[in-house]
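All of these numbers come straight from a predicted model, not from anything done at the bench. So that the names make sense, note that chain A is the first sequence line, chain B the second, and so on, each numbered from 1.
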Amino acid sequence: MPELPEVETTLRGLKPWLVGATITEVKVRQPALRWPVVDNLPDLLIGQVILCMGRRAKYLRLSLKNGSLLIHLGMSGSLRLLSANEPWRKHDHIEVVVHTGKRIRYHDPRRFGSWSWTFNEHHQLTNLGPEPLSTHFDGNHLYRLGRGRKLPVKNFIMSSEIVVGVGNIYAAESLFRAGIRPDRSAGRISLKRYIALSQHIKAVLRTAIEQGGTTLRDFVDSVGDPGYFKQQLKVYGRHGRPCTVCKAPLKLTRLGQRSTVFCNRCQT
DNA sequence: CTTTCAGCCTGACGGC
DNA sequence: TGCCGTCAGGCTGAAA
């Protein structure tokens, strides 16, 4: 599934081909995504120049003169860069063609993703916490915002108003590396441990971005390879199997309707 | 205010 | 073999 590293990799791959290009064609075959795609999207985009592209949280933003397009890949979305017209595959929902002939295809079986247009500010981007890899995110930030909060620390670090881009996989992995139980209350964790946790979150995400950059470098031809970080996962998807540190069987629990794996001995 | 939870959607998988 | 239930997951908005 697209986590922050895949979104970042997608951005880096598409940018050179799209920034500065003029949109010549837009086809929406399936507008029923997370939110309905506006029906005049082609009119809004055709003839416009893509001025710049960026990422905020797990959103990709394409800035045009009149406004901007915000794309979220949801659970199963991917963007493929095509050099020529290709037959539409099942679950290909949207295509954007630019004047050079390059085209991007949006593919999303579960349709949890979104394409939203705005003339000014995207409301989805307000109330977002800092980027995890920025200097605005550190142990002090987590400690300060965690005071008085009773929810489990895993849910806390997965909240986008606290910090963005930490999904279920990376939350579990960084908590294991920091030795913190995922069900511990956010308000009952020391500054020292939050400093360690923030550092592990950064390290895990950085590694995954590097891996994405390696495995998905040719994402032009194949997108969404889910195996890129798998070898490095120490807890996610490994419940019942031995802890890599103490060999005790890893526990499975549910927090906030999310499956959560942890080591009952190493995480306290 | 904080926290919980249903809902969106398809494909994979297990049990019968 | 096929059918049916369950699960997976990010994010929102409503309920508690």
Side-chain angles (χ1 to χ4, degrees), chain A residues 1-11 28-37 55-61 70-79 88-94 106-116 118 121-129 131-132 142 144-175 182-189 201 204-205 208 212 223-230 233 235-240 250 252-261:
Chain A
M1 74 222 59
E3 294 272 354
L4 186 143
E6 275 119 320
V7 179
E8 182 64 31
T9 304
T10 299
L11 171 69
V28 180
R29 298 173 88 215
Q30 171 57 277
L33 304 184
R34 177 72 173 79
W35 298 287
V37 178
R55 177 188 64 76
R56 177 73 174 104
K58 294 178 188 168
Y59 292 97
L60 287 170
R61 190 178 55 234
L70 202 63
I71 299 174
H72 197 292
L73 302 179
M75 295 300 308
S76 57
S78 60
L79 289 167
W88 290 74
R89 303 179 192 176
K90 195 178 183 185
H91 305 306
D92 281 353
H93 304 314
I94 304 178
Y106 179 66
H107 180 88
D108 187 1
R110 293 185 197 175
R111 309 212 308 269
F112 273 22
S114 61
W115 282 51
S116 36
T118 179
E121 194 72 13
H122 287 282
H123 71 276
Q124 290 145 289
L125 298 183
T126 56
N127 301 323
L128 287 182
E131 286 289 325
L142 289 178
R144 197 163 36 80
L145 294 183
R147 292 310 84 192
R149 301 291 298 269
K150 288 183 175 167
L151 82 170
V153 61
K154 175 161 174 278
N155 304 39
F156 178 65
I157 60 173
M158 288 176 68
S159 310
S160 59
E161 73 274 12
I162 303 300
V163 57
V164 301
V166 181
N168 199 37
I169 297 175
Y170 298 123
E173 291 299 315
S174 45
L175 285 166
D183 57 355
R184 180 175 282 275
S185 287
R188 308 211 45 165
I189 292 173
I201 289 172
V204 160
L205 288 174
V223 196
D225 177 356
Y228 71 105
F229 194 66
K230 228 173 181 174
L233 297 178
V235 285
Y236 182 83
R238 295 194 66 247
H239 63 273
L250 295 172
L252 174 65
T253 184
R254 261 185 112 69
L255 292 173
Q257 301 160 292
R258 294 284 171 271
S259 65
T260 305
V261 184

Parallel, tilted or perpendicular: rings of A:His93 and A:Tyr106 (30°, 60°): tilted

Minimum side-chain heavy-atom gap A:Arg34-A:Arg111 below 4.5 Å: no

A:Trp115 CH2 - C:dC11 P separation (whole Å): 18 Å

Touch class at under 4.0 angstrom, heavy-atom based, for A:Tyr59 against every strand present: sugar-phosphate

Residues in contact with DNA chain B, drawn from residues 158-169 of chain A - heavy-atom cutoff 4.0 Å: none

Whole-Å distance separating the CG atom of A:Asp108 from the P atom of B:dC8: 16 Å

Side chain of A:Phe112 - closest among B:dC5, C:dC11, C:dG9: C:dG9

Minimum-distance nucleotide to A:Met75 side chain [options: C:dG10, C:dA8, B:dT10]: C:dG10

A:Leu73 vs A:Asp108 side-chain heavy atoms within contact, under 4.5 Å: no

Whole-Å gap separating C1' (B:dC9) and NE2 (A:His93): 10 Å

Most 5' of A:Asn155 and A:His91 on DNA chain B, judged by nearest nucleotide: A:Asn155

Sugar-phosphate only, base, or nothing, as touched by A:Ser114 at under 4.0 Å among non-hydrogen atoms: nothing

Interatomic distance, A:Leu70 CG vs C:dC11 C1' [rounded to whole Å]: 13 Å

Phosphate OP1/OP2 of B:dT4: any A:Gln257 side-chain N/O under 4.0 Å: no

Distance, rounded to the nearest Å, where A:Arg55 contributes CZ and C:dG10 contributes P: 16 Å

A:Lys90 vs B:dG11: side-chain N/O to OP1/OP2 distance below 4.0 Å: yes

N/O (side chain, A:Ser259) to phosphate O (OP1/OP2, C:dG9) under 4.0 Å: yes

Distance, rounded to the nearest Å, where A:Arg254 contributes CZ and C:dA8 contributes C1': 9 Å

Donor/acceptor link under 3.5 angstrom from A:Arg110 side chain onto base of B:dG11: no

Within 6.0 Å of NE2 in A:His122, more than 12 heavy atoms from elsewhere: yes

Contact nearer the 5' end of DNA chain B, comparing A:Arg258 with A:Lys150: A:Lys150

Pair A:Ser116, A:Gln124: side-chain N/O donor-acceptor within cut-off below 3.5 Å: yes

For atom CG of A:Leu145 and atom C1' of B:dC1, their distance in whole Å: 15 Å

NZ/NE/NH1/NH2 to OD/OE distance under 4.0 Å, A:Glu131 and A:Arg56: yes

Phosphate OP1/OP2 of B:dT10 contacted by A:Arg111 side-chain N/O (<4.0 Å): yes

Side-chain donor-acceptor contact under 3.5 Å, A:His107 with A:Asp92: yes

Spacing of A:His122 atom NE2 relative to C:dT12 atom C1', expressed in whole Å: 17 Å

Listed nucleotide nearest any side-chain atom of A:Leu151, set C:dT12, C:dG9, B:dT4: B:dT4

Note, A:Leu145 side chain near A:Phe156 side chain (heavy atom, < 4.5 Å): yes

A:Arg149 side chain, from C-beta outward: closest of C:dG10, B:dT10, B:dT3: B:dT3

